[in-house]
Amino acid sequence: MPQVPVVRTVKALRARVGAWQAGGEHVALVPTMGALHAGHIALVKAGQRRAQHVVVSIFVNPTQFAPTEDLSSYPRTFAADRAKLADAGADLIFAPTVPEMYPDGFATTVSLAGPAAAGLEDAFRPTHFPGVATVVCKLFTQCRPDIALFGEKDYQQLQVVKHLARDLDLDIKVIGVPTVREPDGLAMSSRNRFLSAAEREKSLVLYQQMQAAASAIRAGHEPEAALDAARSAIIAAGFALDYLALRDAATLARINGAALLAGQPLRLLVAAKIGATRLIDNIAV
Ligand code: PAF
């Protein structure tokens with residue numbers, strides 16, 4: 001099977017993408033940090049349904065990791081990623097170096113509010129979304145794709161990026177793609193490989209308890225009671241729970257009784273740590 005071409009500079013990326021677009025063809029961008037799994041491949045496939053060419057960026061972005069987080073141990077599996085992308089039929093890999101993305105003297109960060117300040121991931125990882133938004137903004141202006149695809153697994157990130165593209169007039173359609181799950185329900189994540197067998201088994205509680213809480217809420221039970229029951233079960237399984245929260249699906253704002261009665265789209269989001277591994281997940285309610 002032919003290898004997917006790799007470009008490492010913005011200049012080479014723009015030459016390829018520009019040539020496609022000059023010929024009237026559309027380009028989809030799938031931003032990743034590598035360690036690709038079926039969730040990423042679903043993004044590539046969704047891109048192929050909407051554009052003639054799919055570019056996948058692979059860049060472990062240092063600015064979205066706090067000093068205490070797992071930047072150095074984040075999995076780096078470039079050869080395997082490249083093979084998976086060949087299999088999926090991706091057209092180009094953009095794999096820049098850190099100095100290509102952050103040259104000496106780099107001094108600009110995108111400042112965020114709205115869904116980036118919802119009191120979810122931002123409350124536990126305050127430097128995360130400024131780092132994500134800055135690198136995504138750079139990837140968007142470097143590649144200039146017509147569309148970009150992001151997984152719903154990182155639901156708050158998806159809302160942040162949608163706002164970014166809209167607020168900064170980037171003229172790129174941001175598309176969310178449903179979470180891909182293991183057969184037993186665990187959301188696919190590059191960090192799942194760090195779970196021990198016992199932790200992997202316990203990790204199912206997150207999806208199960210979100211489903212239980214969502215069906216109780218849909219059935220008219222008091223949301224806080226349903227969430228409390230789920231929180232207790234998650235903690236009893238051995239997790240340190242950061243949050244389990246019910247939010248407006250678009251703004252991620254806290255909801256009140258009126259929102260529930262109006263039947264507006266809601267999202268249940270969870271983040272919790274088992275052993276050294278922090279997992280996040282979410283579902284529609
Ligand atoms: O979701 C990710 O893998 C990263 O946050 C992203 C969007 C590639 C930015 O580094």
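All figures in this text were calculated on a predicted structure; none of them were measured in a lab. Start at 1 and go down the list; that is how both ligands and their atoms are numbered. All residue numbers in this chain count up from 1 along the given sequence. Quick note: numbers below take in every heavy atom, side chains included, and nothing from hydrogens, waters or symmetry partners.
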List the atom pairs, donor and acceptor, that lie under 3.5 Å between side-chain atoms in residues 93-101 and the rest of the protein, sequence neighbours left out.
from   : atom 1 : to     : atom 2 : distance (Å)
Thr97  : OG1    : Glu100 : N      : 3.1
Glu100 : OE2    : Val10  : N      : 2.8

- Query: What is the closest protein heavy atom to atom 7 (C) of ligand 1, and at what distance does it sit?
  - Reply: Gln157 NE2, 3.5 Å
Distance-only check: which donor-acceptor pairs under 3.5 Å involve side-chain atoms of residues 231-241, not counting sequence neighbours?
from   : atom 1 : to     : atom 2 : distance (Å)
Arg231 : NE     : Leu244 : O      : 3.4
Arg231 : NH1    : Glu224 : OE2    : 2.7
Arg231 : NH1    : Asp228 : OD1    : 2.8
Arg231 : NH2    : Leu244 : O      : 2.8
Ser232 : OG     : Asp228 : O      : 3.0

- Query: Between Arg278 and Asp242, is there a salt bridge with N-O shorter than 4.0 Å?
  - Reply: yes
- Message: With heavy-atom distances below 4.0 Å as the criterion, list the atoms of ligand 1 near Pro31.
- Response: 8 (C)
- Hey, quick one: are Phe78 and Leu71 part of the same hydrophobic cluster, counting side-chain heavy atoms closer than 4.5 Å, chains of contacts allowed? no
- Message: Test your reading of the structure: does Gln64 have an N or O sitting under 3.5 Å from an N or O of ligand 1?
- Response: yes
- Check each atom of ligand 1 against the heavy atoms of Val135 and keep those under 4.0 Å away; list them by number with element. 9 (C), 10 (O)
- Task: Taking atom types as modelled, find out whether Tyr207 and Asn282 have a side-chain donor-acceptor pair closer than 3.5 angstrom.
- Result: no
- Query: Of the protein's non-hydrogen atoms, which lies at the shortest distance from atom 3 (O) of ligand 1, and what is that distance?
  - Reply: Met33 CG, 3.6 Å
- Message: With heavy-atom distances below 4.0 Å as the criterion, list the atoms of ligand 1 near Thr32.
- Response: 8 (C)
